[in-house]
Colleague: 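Sharing a structure with you now.
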Protein chains: 2
Amino acid sequence: MIPVDQTERNDRLSERLATRGFRFTPQRRHVYELLRQASDHPTAEEVFLRVKQAMPEIALATVYNCLDALVQCGLVRLVNLHRGATRYCANMKEHWHFHCDACESVFDVAVADDTVRAGVALPWGFKAERYETAIHGLCPACGNGRKG
Amino acid sequence: MIPVDQTERNDRLSERLATRGFRFTPQRRHVYELLRQASDHPTAEEVFLRVKQAMPEIALATVYNCLDALVQCGLVRLVNLHRGATRYCANMKEHWHFHCDACESVFDVAVADDTVRAGVALPWGFKAERYETAIHGLCPACGNGRKG
DNA sequence: CTAGGTGCAAAAGGTTTGCGGTTAA
DNA sequence: TTAACCGCAAACCTTTTGCACCTAG
């Protein structure tokens, strides 16, 4: 049984997928819903483990497939913060990511929409599609007992 | 035989390593020099293959070790742009990276020093150490014959 | 119907680790 | 002299691929 506000989202998801020639599958719906509810920028494997609870037969390769489709539809963005696994984020509003060097947690940082790109002129011919900014440092929990 | 301006740099590199308890080794000197001269943000393996020409016995694991030491000394920064291998950059001046989604090339983008962080207030307790901004899109070469 | 998607398992990348021998300080 | 580093190889983790079966449109 799916809540009403989700059926609306499913319609939009279905449309969004269709415009790019992707099919609307239960796996993609689960992955997308999970990512919308997650606030911790999970890795592909974390998405896999969580979706598995509702859908025990899903395969990790399918999760990658779903994530790729969602990224191509502009519904999900990749977050690459260090040498470790890529994380995923379904919040498409403009924001930055704070990455704690100590505990590896990721926090969203609100940004005034247009100040972000101020002062930056791309050379002619370059076409910008999306901006990703990461701030690296120490979060409140880790910053206290340390040299910083 | 090492050019004069490099011996100066070696002194600085040596000092910089020493302050963090790292040793000044020929491998670290080669890796750092190569990275300073490279303009294409090479991956660890690319650094390895190039340093190997001057130092055939060097191991890939040693390159990772050297890169880690240089990163910890603040002489080199990690550049994570997608799911692929991490790239490395010895230009520590503030700049952004443009990543072409088509050919995967990376270009430096100049930025006016202080406009970059304008408009962003970190929540209390967060300590920012470094900022990394990536712009994803199409470079001039790839943008021409395409839908964009 | 059938092109595209799924699950599974194996392979391919990328990075880290353990160890015996070497070296910068 | 000795803790740190090196080279090598194996292990580890993340992502991709190939294939037989399945299903959304």
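First the proteins, then the strands, lettered A, B, ... as listed; each starts at 1. Heavy atoms only: backbone and side chains are in, while hydrogens, waters and symmetry mates are out.
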Colleague: For E33(A), enumerate each residue passing the salt bridge (charged side-chain N to carboxylate O under 4.0 Å, His left out) test, keeping only those at least two apart in sequence or located in another chain.
Modeller: R9(A)
Colleague: Can you tell me if T43(B) touches the phosphate of dG14(C), counting only side-chain N or O atoms and a distance under 4.0 Å to OP1 or OP2?
Modeller: no
Colleague: With a 4.0 Å heavy-atom cut-off, tell me which residues in residues 46-65 of chain A come close to DNA chain D, sorted by residue number.
Modeller: L60(A), A61(A), Y64(A)
Colleague: Please enumerate all residues that pass ring pair (Phe, Tyr, Trp, His ring centres under 6.0 Å) together with Y32(B), with sequence neighbours excluded.
Modeller: none
Colleague: Just how far, in rounded Å, is P of dG5(C) from CG of D68(A)?
Modeller: 11 Å
Colleague: Could you tell me which residues satisfy ring pair (Phe, Tyr, Trp, His ring centres under 6.0 Å) with H41(A), sequence neighbours excluded, listed by chain and number?
Modeller: H97(A)
Colleague: Using a 4.5 Å cut-off on heavy atoms from C-beta on, say whether the side chain of L35(A) contacts that of L67(A).
Modeller: yes
Colleague: Please round to 10 degrees the angle between the axis of the first five pairs and the axis of the last five pairs in the helix from dC1(C)-dG25(D) to dA25(C)-dT1(D).
Modeller: 50°
Colleague: Check whether any side-chain N or O of Q27(B) sits under 4.0 Å from OP1 or OP2 of dT23(C), and answer yes or no.
Modeller: no
Colleague: Applying salt bridge (charged side-chain N to carboxylate O under 4.0 Å, His left out), name anything that partners R50(B), two or more places apart in sequence or on another chain.
Modeller: D40(B)
Colleague: Not counting sequence neighbours, list each pair that qualifies as a side-chain hydrogen bond (donor to acceptor under 3.5 Å, both in side chains) and has a residue in residues 58-67 of chain A.
Modeller: R28(A)-N65(A)
Colleague: On DNA chain D, does the nearest nucleotide to R23(B) precede the nearest nucleotide to R83(B) from the 5' side, or the other way round? Give the residue.
Modeller: R23(B)
Colleague: Taking only residues two or more places apart in sequence or in another chain, which ones pass salt bridge (charged side-chain N to carboxylate O under 4.0 Å, His left out) with D108(B)?
Modeller: none
Colleague: Please name all residues satisfying ring pair (Phe, Tyr, Trp, His ring centres under 6.0 Å) with F126(B), sequence neighbours left out, ordered by chain then number.
Modeller: F98(A), F107(A)
Colleague: Side chains of L70(B) and L13(B): closer than 4.5 Å at any heavy-atom pair?
Modeller: yes
Colleague: Are V51(B) and Q53(B) close enough that some pair of their side-chain heavy atoms sits under 4.5 Å apart?
Modeller: no
Colleague: Is it true that a side-chain atom of N80(B) and a backbone atom of T86(B) form a donor plus acceptor pair closer than 3.5 Å?
Modeller: no
Colleague: With DNA chain C as reference, determine whether Y88(B) or F24(B) sits nearer its 5' end, using the nearest nucleotide of each.
Modeller: Y88(B)
Colleague: Under a criterion of less than 4.0 angstrom to any heavy atom of chain B, what are the 5'-terminal and 3'-terminal contacting nucleotides of DNA chain D?
Modeller: dA3(D) to dT16(D)
Colleague: Take atom CZ of R28(A) and atom P of dG7(C), then tell me their distance rounded to the nearest Å.
Modeller: 11 Å
Colleague: Of all of residues 11-18 of chain B, which get a heavy atom below 4.0 angstrom from DNA chain D, listed by number?
Modeller: none
Colleague: Would you say the side chain of L34(B) lies within less than 4.5 Å of the side chain of E46(B), judging by non-hydrogen atoms?
Modeller: no
Colleague: Does D11(A) have any salt bridge (charged side-chain N to carboxylate O under 4.0 Å, His left out) partners at least two apart in sequence or in another chain, and if so, which?
Modeller: none
